[in-house]
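Scroll down for the structure; my scribbles are underneath it.
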Amino acid sequence: MEKLKLIVAIANHGQGESMRTALEGAGCAACFHLSGQGTAKAAWLEYLGLSDTRRDVLLAPCAAEKASAALDALRAALEPAHYFAATVSLSSIAGRNTYELLAKGGNAHG
């Protein structure tokens with residue numbers, strides 16, 4: 001079974017579509033777009049150049065070998081905007097059926 005990583009990307013409100021396009025273009029199977037509200041202290045907001053506390057949050061399962069390229073695509077799409085992105089290994093988190101669904105991508109209900 002192919003190894004997966006979950007890319008978690010957070011940027012200012014309005015950047016979500018650019019993040020989705022970059023991640024899916026780099027081979028991530030699907031992107032889950034969420035809205036968030038920042039809770040960082042004012043000093044951190046100023047340091048990161050984030051004044052609006054509304055955020056776009058994307059969760060994108062991605063094949064482990066494509067994760068680095070996906071992060072590079074995200075960087076290129078958002079430059080010079082400020083954002084945060086990290087990867088988390090999914091191999092020990094998701095159950096087998098969920099893991100296979102995330103690896104294939106697409107929409108499934110039921």
- Message: For the CG atom of Leu6 and the OG1 atom of Thr87, what is their distance to the nearest 0.5 Å?
- Response: 9.0 Å

- Query: For Ala63, what residues pass the side-chain contact (heavy atoms from CB on, under 4.5 Å) criterion, not counting sequence neighbours?
  - Reply: Glu2, Glu65, Lys66

- Query: From Asp56 CG over to Ile10 CD1, what is the distance, rounded to the nearest 0.5 angstrom?
  - Reply: 10.5 Å

- Item | All side-chain contact (heavy atoms from CB on, under 4.5 Å) counterparts of Ala77, not counting sequence neighbours | Ala22

- Query: How far apart are the closest heavy atoms of Leu23 and Ala70, and which atoms are they?
  - Reply: CD2-O, 3.7 Å

- Note on the structure: Distance col, row Lys5:NZ vs Ser89:OG, nearest 0.5 angstrom, shows 6.0 Å

- Message: Which residues pass the side-chain contact (heavy atoms from CB on, under 4.5 Å) test with Ala69, not counting sequence neighbours?
- Response: none

- Residue pairs, two or more places apart or on separate chains, that pass salt bridge (Lys or Arg N to Asp or Glu O under 4.0 Å) and touch residues 27-36: none

- Query: What are the two closest non-hydrogen atoms of Tyr83 and Leu78, and how far apart are they?
  - Reply: CG-CD1, 3.6 Å

- Between CD of Glu17 and OG1 of Thr21, what distance do you get to the nearest 0.5 Å? 4.5 Å

- Message: Measuring from atom CG of Leu74 to atom CD1 of Ile7, what distance do you get when rounded to the nearest 0.5 angstrom?
- Response: 7.5 Å

- Message: Testing the 3.5 Å rule here: is there a donor-acceptor pair between the side chains of Arg54 and Asn12?
- Response: no

- Message: Taking side chain to side chain donor-acceptor pair (under 3.5 Å) as the cut-off, I'd like each qualifying pair that reaches into residues 68-77, sequence neighbours left out, listed once.
- Response: Asp72-Arg75

- Message: According to side-chain contact (heavy atoms from CB on, under 4.5 Å), who are the partners of Glu24, at least two apart in sequence or on a separate chain?
- Response: Arg20, Cys31

